[in-house]
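Notes to accompany the following structure.
Any value given below was found using the heavy atoms of this structure, including those in side chains, with hydrogens, waters and symmetry copies removed. By convention in this document, chain letters (A, B, ...) are assigned in the order of the sequence lines, proteins followed by strands, and residues within each chain are numbered from 1.
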There are 2 protein chains.
Amino acid sequence: MQNSVFKALSHPARRQILALLRKGPRLAGDLAAEFDTSWPTMSRHLAVLKEAELVTAERQGTQILYRVNTSVLEDAATALLGLLGRDNGDDPMKEAAE
Amino acid sequence: MQNSVFKALSHPARRQILALLRKGPRLAGDLAAEFDTSWPTMSRHLAVLKEAELVTAERQGTQILYRVNTSVLEDAATALLGLLGRDNGDDPMKEAAE
DNA sequence: CTGCTAATTAGCAAAAGTGCTAAATTGAGT
DNA sequence: ACTCAATTTAGCACTTTTGCTAATTAGCAG
């Protein structure tokens, strides 16, 4: 579960998408317009982010509004911070069975 | 540059390695013993981490001592946190040209 | 229902990532 | 120089990821 998040974050385009989304929700189309990749490619990046639950999608009639899922992003940041905390006994990367 | 870091973090084994290393420096061999992947595979994971500068390697005679590079890990965590900060005007994922 | 726009899914080819075994390297000891 | 142990590099097979174009679905307007 943590894994899909980090995998989603591993592509620069997807981090860029999150950076854009950070400033507020955005329509898929507007998002796509900001990148010079093809529309379907953008759509797939969004799907990966959605799968990792880093974003949520909400239909607005014919368009789809994307939004960052702050808590998942927070968890990821926390996991990284846990990786550098001075020894406090428990394993920060231990993850519950999938 | 940020990119190689997130890519390095995208593999669970590599995050585990960092989790082990968090508790203190460790010899490559000891590290390898903790996982059930082959030795060369572990070696490659370490190479990826080193390439991303998430760890540093230091020869100790015939063995090699690995150590987390805290600052790079910190930067990554900070980048993620930047992705969820309330709008403060600048783009947290903007990265200098490669 | 037809047509239009927004967005996703299918299918494919190219590139990158993973993990293995076998071979090479590096340093220490003799 | 020869040998042993620790580690990395080479080479290969296999899977995943990426990005494209073409085709499809979804919702709305007429």
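Using a distance-only test at 3.5 Å, with no hydrogens or angles considered, no donor-acceptor pair links the side chain of A:Arg26 to the main chain of A:Leu21. Using a distance-only test at 3.5 Å, with no hydrogens or angles considered, no donor-acceptor pair links the side chain of B:Ser43 to the main chain of B:Trp39. Using a distance-only test at 3.5 Å, with no hydrogens or angles considered, a donor-acceptor pair links the side chain of A:Thr78 to the main chain of A:Glu74. With hydrogens and angles ignored, the 3.5 Å screen pairs no side-chain donor or acceptor of A:Asn69 with any backbone N or O of A:Thr56. Within the 3.5 Å criterion, the main-chain N or O of B:Lys7 finds a donor-acceptor partner in the side chain of B:Arg14. Between the side chain of B:Arg15 and the backbone N or O of B:Leu9 there is at least one donor-acceptor pair closer than 3.5 Å.
OP1 or OP2 of C:dA6 has not a single side-chain nitrogen or oxygen of A:Tyr66 nearer than 4.0 Å.
Straight-line distance from the CG atom of B:Leu31 to the P atom of D:dA6: 15 Å, rounded to whole Å. Nucleotide C:dA7 holds its P atom 10 Å from the CG atom of A:Leu65, rounded to whole Å. Rounded to an integer number of Å, the gap from A:Asn3 CG to D:dT16 C1' is 13 Å. For the pair A:Gln63 CD and D:dA26 P, the interatomic distance rounds to 17 Å; values are reported in whole Å. Between the C1' atom of D:dT17 and the CG atom of A:Leu9 lies a distance of 16 Å, rounded to the nearest Å. The distance from atom CG of B:Leu27 to atom P of D:dA5 is 17 Å, rounded to the nearest whole Å. For A:Glu51 and D:dT18, the CD to P distance is 13 Å, given to the nearest whole Å. When rounded to the nearest whole Å, the span between CD1 of A:Ile64 and C1' of D:dC28 equals 14 Å.
Looking at heavy atoms from C-beta onward, A:Leu81 lies in side-chain contact with B:Leu81 at the 4.5 angstrom threshold. Taking the side chain as every heavy atom from C-beta outward, A:Val68 and B:Leu84 never approach each other to under 4.5 Å.
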For every nucleotide of nucleotides 15-22 of chain C, 5' to 3': is a protein heavy atom under 4.0 Å from its base (B), only from its sugar-phosphate (S), or from neither (-)? --SBBBBB
If you restrict it to nitrogen or oxygen atoms, what contacts under 3.5 Å exist between nucleotides 25-30 of chain C and the protein, and what is each distance?
none

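Atom CD of B:Glu34 has more than 12 neighbouring heavy atoms from other residues, nucleotides or ligands inside a 6.0 Å radius.
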